[in-house]
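In what follows, a structure is listed as structure tokens, so that the remarks can point back to it.
What's counted below: heavy atoms across the whole structure, side chains too, no hydrogens, waters or symmetry copies.
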Amino acid sequence: MNVRWRSRARNAFLAAVDYLQHRNEIAAGEMSVAVEEAAGLLSRMPSIAQASQYSGCRAWSLTKWSKLIVFRETPQGVEIVAFLDTRQR
């Protein structure tokens, strides 16, 4: 199954990695890998994520990184519609 990122979600992800990279390169790499692995998992098993407050979407929390992946299922896989920092909610 495919993972497609909406541009706003991808930009938020890249901004988070960039921010962290300036402070801790190793942590930035670890977070990047964790997000990509989570996206791959969600594309294979989208139902493991909880229903989201956003209509028609599901959410997956990356607790260690205080991030939330909001996505929706599509016939081709999943589309990540938002990448949020849970500390800013």
Side-chain angles (χ1 to χ4, degrees):
M1 302 289 285
N2 290 332
V3 177
R4 182 176 170 273
W5 288 75
R6 282 213 175 155
S7 59
R8 189 173 191 177
R10 175 59 79 179
N11 290 342
F13 167 60
L14 295 175
V17 171
D18 186 57
Y19 175 85
L20 192 54
Q21 193 162 18
H22 285 79
R23 285 146 186 80
N24 185 330
E25 282 188 35
I26 294 170
E30 290 173 356
M31 184 183 78
S32 182
V33 167
V35 170
E36 294 297 338
E37 286 177 351
L41 175 65
L42 295 172
S43 75
R44 293 185 306 277
M45 296 183 295
S47 61
I48 66 170
Q50 65 186 9
S52 170
Q53 67 185 19
Y54 305 100
S55 179
C57 292
R58 293 182 172 273
W60 183 259
S61 178
L62 295 164
T63 308
K64 177 179 179 179
W65 304 104
S66 300
K67 302 297 181 198
L68 188 69
I69 298 172
V70 180
F71 68 98
R72 64 180 179 171
E73 294 180 62
T74 67
Q76 297 80 27
V78 296
E79 178 182 41
I80 298 175
V81 297
F83 184 78
L84 307 171
D85 187 317
T86 59
R87 297 167 294 184
Q88 296 179 349
R89 296 184 100 199

Roughly how far, to the nearest 0.5 Å, is the [atom2] atom of [Y] from the [atom1] atom of [X]?
X   : Y   : atom1 : atom2 : value
S47 : E73 : OG    : CD    : 7.0 Å
M31 : F13 : CE    : CZ    : 6.0 Å
Q88 : L68 : CD    : CG    : 12.5 Å
S66 : L84 : OG    : CG    : 12.0 Å
L41 : I69 : CG    : CD1   : 9.5 Å

*Would you say the side chain of R4 lies within less than 4.5 Å of the side chain of R10, judging by non-hydrogen atoms?*
no

*Is there a side-chain contact between I48 and L42 (heavy atoms, below 4.5 Å)?*
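They are in contact (side-chain heavy atoms under 4.5 Å apart), so the answer is yes.
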
*Which of parallel (below 30°), tilted (30 to 60°) and perpendicular (above 60°) describes W5 and F83?*
tilted

*Taking all heavy atoms of A49 and all of A59, pick out the closest pair and write down the distance.*
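Heavy atoms only, the tightest pair is CB-O, 3.3 Å.
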
*Considering non-hydrogen atoms only, spot the tightest contact between L62 and A34 and give its length.*
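Reported closest heavy-atom pair: CD2-O, 4.3 Å.
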
If only atom types and distance count, is the side chain of [X] paired as donor or acceptor with the main-chain N or O of [Y] below 3.5 Å?
X   : Y   : answer
D18 : L14 : no
S43 : V3  : no
S32 : G29 : no

*Audit row: R6, E79, side chain to side chain contact (heavy atoms under 4.5 Å, CB included) steps and yes/no*: CA-CA 7 Å; R6 282 213 175 155; E79 178 182 41; 3.3 Å; yes

*Partners of E37 by side-chain contact (heavy atoms from CB on, under 4.5 Å), sequence neighbours excluded?*
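Listed in chain order: V33.
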
*Applying side chain to side chain donor-acceptor pair (under 3.5 Å), name anything that partners R8, two or more places apart in sequence or on another chain.*
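Result, side chain to side chain donor-acceptor pair (under 3.5 Å) vs R8: none returned.
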
*Count the heavy atoms belonging to other residues, nucleotides or ligands that lie under 6.0 Å from CD1 of I26, then report whether that count exceeds 12.*
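No, not enclosed.
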
*Audit row: R72, V78, side chain to side chain contact (heavy atoms under 4.5 Å, CB included) steps and yes/no*: CA-CA 6 Å; R72 64 180 179 171; V78 296; over 6 Å; no

*Is the gap between the ring centers of W60 and F71 under 6.0 Å?*
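Aromatic pair excluded; centres sit 6.0 Å or further apart.
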
*If Ile, Leu, Val, Met, Phe, Trp and Tyr residues are connected whenever their side-chain heavy atoms lie under 4.5 Å apart, and connections chain through other members, are V81 and Y54 in the same group?*
yes

*Criterion side chain to side chain contact (heavy atoms under 4.5 Å, CB included) on K64 and E30, from CA distance to verdict*: CA-CA 11 Å; K64 177 179 179 179; E30 290 173 356; 4.2 Å; yes

*For the side chain to side chain contact (heavy atoms under 4.5 Å, CB included) test, which of T86, V35, L20 pairs with W65?*
L20

